[in-house]
Number of protein chains: 2
Amino acid sequence: MTLGSAAGAPTHARRRAGRPPQAVLSSARITKAALKLVSADGYKGLTMAALAKSLNVAPSALYNHVRSKQDVLLLVEDHLMGRVDVTAFGVEPWAEAVKIWAHSYRNVFAAHLPLIPVIALLPVTNAPATITMYEAVTKGFLAAGWPSDSIIDAVVALESFIYGSAYDVNAPADIFDAGSLAPQAPHFAAAVTQRSNPGGQSDANAAFTLGLSAMIAGLLATSTRVSDTE
Amino acid sequence: MTLGSAAGAPTHARRRAGRPPQAVLSSARITKAALKLVSADGYKGLTMAALAKSLNVAPSALYNHVRSKQDVLLLVEDHLMGRVDVTAFGVEPWAEAVKIWAHSYRNVFAAHLPLIPVIALLPVTNAPATITMYEAVTKGFLAAGWPSDSIIDAVVALESFIYGSAYDVNAPADIFDAGSLAPQAPHFAAAVTQRSNPGGQSDANAAFTLGLSAMIAGLLATSTRVSDTE
DNA sequence: TAATCTAAATGAACGGCATTCATTTAGTGA
DNA sequence: TCACTAAATGAATGCCGTTCATTTAGATTA
């Protein structure tokens, strides 16, 4: 029992100040730890202090690898983008591939709502998985004969719908309950009551399926694309 | 020049503790002050301390009228919902009315992005202007012969697209710039470069117009509605 | 009219948060 | 060998939302 000798328990061993012989942190470890924290506690649990603690490090150490918390969110976002399923492009017909991609995209980020402003507002520079996803989607559109000058607009339109739909997944069931104000909005209140529930799927899924089918049909009808593998 | 006598400057007069003879705060005053702060400084400037200061009140006083900062955001949200243009419903054909409504809706909230989670996730109970907006929209759909059991789903789908598009308005111009990773995503990079710019409108507007037209066309094609004033 | 209850303000305090800075230690390149 | 840089600690900062005890004024009731 000399100085801090106690065998085992390396997790709690306190590191002395100064650069350690072997680097403790890396972007990959930070990303992984952040994801684990989010899975356990949600985004309210993702603080720089908690992240540091889970990595057995002082909070300020994180700033040697990351400029800000936003940077951490960007790391997580890019990692998750790798989970979006783009494998249907070039295999299934375009409309079907878009549906599979969109469902997967929405499902991934419905569980990570606070990342949506990050995806929607931050440049893709230094987000390799994100760029890889866009490359696969673009190739899928090109293979279906889509005119290249309208691909980005079509993808942005679909993404906008996907982001909004991700929020909708997290809306409470009573979001349209007008409560005491219902008498002042009779048609609306009636429509909410009569909302059908085909196949027992949730409201969010019904709206998502309806809107996605509509947008895909509309894009097909509007576009001047040259049919190909579609 | 007796105790705090200096004439004028009622703005800086310090109130003594205790209930004032005439109420200083109200929901309406709080809402107005919050909106003014946001206009001046954006949502980063909307803090409880700043809000209190602009109302010449201690921060804790706000909590007599509001349960939390979320409540303040809800007040602002509902106020803004009154600015969404629903006047075209019942006047213009359905497709045209939806376009006018959607553009207005997106434009209002593109300037208030932090409110989108509030709208998308909080019940409409106690948000009278929001309920009024939904009533007008519902009536517009009914008048166009829309089956009442699919109205809410259609509105939710449109709203999802609108929320996502509001984010897109605020995206930087270079959001799709892959930077040094461009060589690894040649098709995507090319599509970004070739993105057309019809009529000199911004990228966000092009994508919004395209997606909105597509969804409206798709909804019309999909639905089993009974044509009417449409 | 007096006593009680409630509404609405002040001001001090709290804990949590992201971030910064001085310092220490270890590897790296000239 | 010496300077430079990378990567850690730990103390400190400032902001933020929120709570609480307290004070004062209006409203209700006996």
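These numbers come from the heavy atoms of this one structure, side chains and all, not from hydrogens, waters or symmetry mates. Letters A, B, ... are given to chains in the order of the sequence lines, protein chains preceding strands, and every chain is numbered from 1.
- Residue B:His65 places at least one side-chain N or O under 4.0 Å from the OP1 or OP2 atom of C:dA9.
- Between the CD atom of A:Gln70 and the C1' atom of C:dA18 there is a distance of 12 Å, rounded to whole Å.
- Spacing between atom NZ of B:Lys53 and atom P of D:dC15 amounts to 11 Å, rounded to whole angstrom units.
- Looking at the side chain of A:Lys69, the nearest of the listed nucleotides C:dA18, D:dT18, D:dT9 is C:dA18.
- Separating the CG atom of B:Leu62 from the C1' atom of C:dA7 is a distance of 15 Å, rounded to the nearest angstrom.
- For B:Pro59, whose side chain is taken as the heavy atoms from C-beta onward, the closest listed nucleotide among D:dA7, D:dT9, D:dT18 is D:dT18.
- No more than 12 heavy atoms of other residues, nucleotides or ligands lie within 6.0 Å of CG in A:Asn126, so this atom counts as exposed by the packing criterion.
- Listed nucleotides: D:dA8, D:dC20, C:dT19. Nearest to the side chain of B:Ser60: D:dC20.
- Side-chain contact, B:Asp78 with B:Thr130: a donor N or O sits under 3.5 Å from an acceptor N or O.
- Between the side chain of A:Asn64 and the base of D:dA8 there is at least one donor-acceptor pair of N/O atoms closer than 3.5 Å.
- Rounded to an integer number of Å, the gap from B:Asp71 CG to D:dG17 P is 14 Å.
- Considering only side-chain N and O atoms, B:Arg15 lies under 4.0 angstrom from the phosphate OP1 or OP2 of C:dT10.
- Residue B:Leu73 contributes atom CG, which lies 12 Å from atom C1' of D:dG17 at whole-angstrom precision.
- Using cut-offs of 30° and 60° on the angle between ring planes, the pair A:Phe188 and B:Tyr134 is parallel.
- Between B:Phe161 and B:Phe208, the ring-plane angle classifies as parallel under the 30° and 60° cut-offs.
- Distance CG (B:Leu51) to P (C:dA9): 13 Å, rounded to an integer number of Å.
- For B:Tyr63 and C:dT6, the OH to C1' distance is 22 Å, given to the nearest whole Å.
- Remark: aromatic rings of A:Tyr167 and A:Tyr163 are distant, center separation not under 6.0 Å.
- Between the C1' atom of D:dT24 and the CD atom of B:Gln22 lies a distance of 16 Å, rounded to the nearest Å.
- When the nucleotides D:dT19, C:dT19, D:dC16 are ranked by their closest atom to the side chain of B:Thr47, D:dC16 comes out on top.
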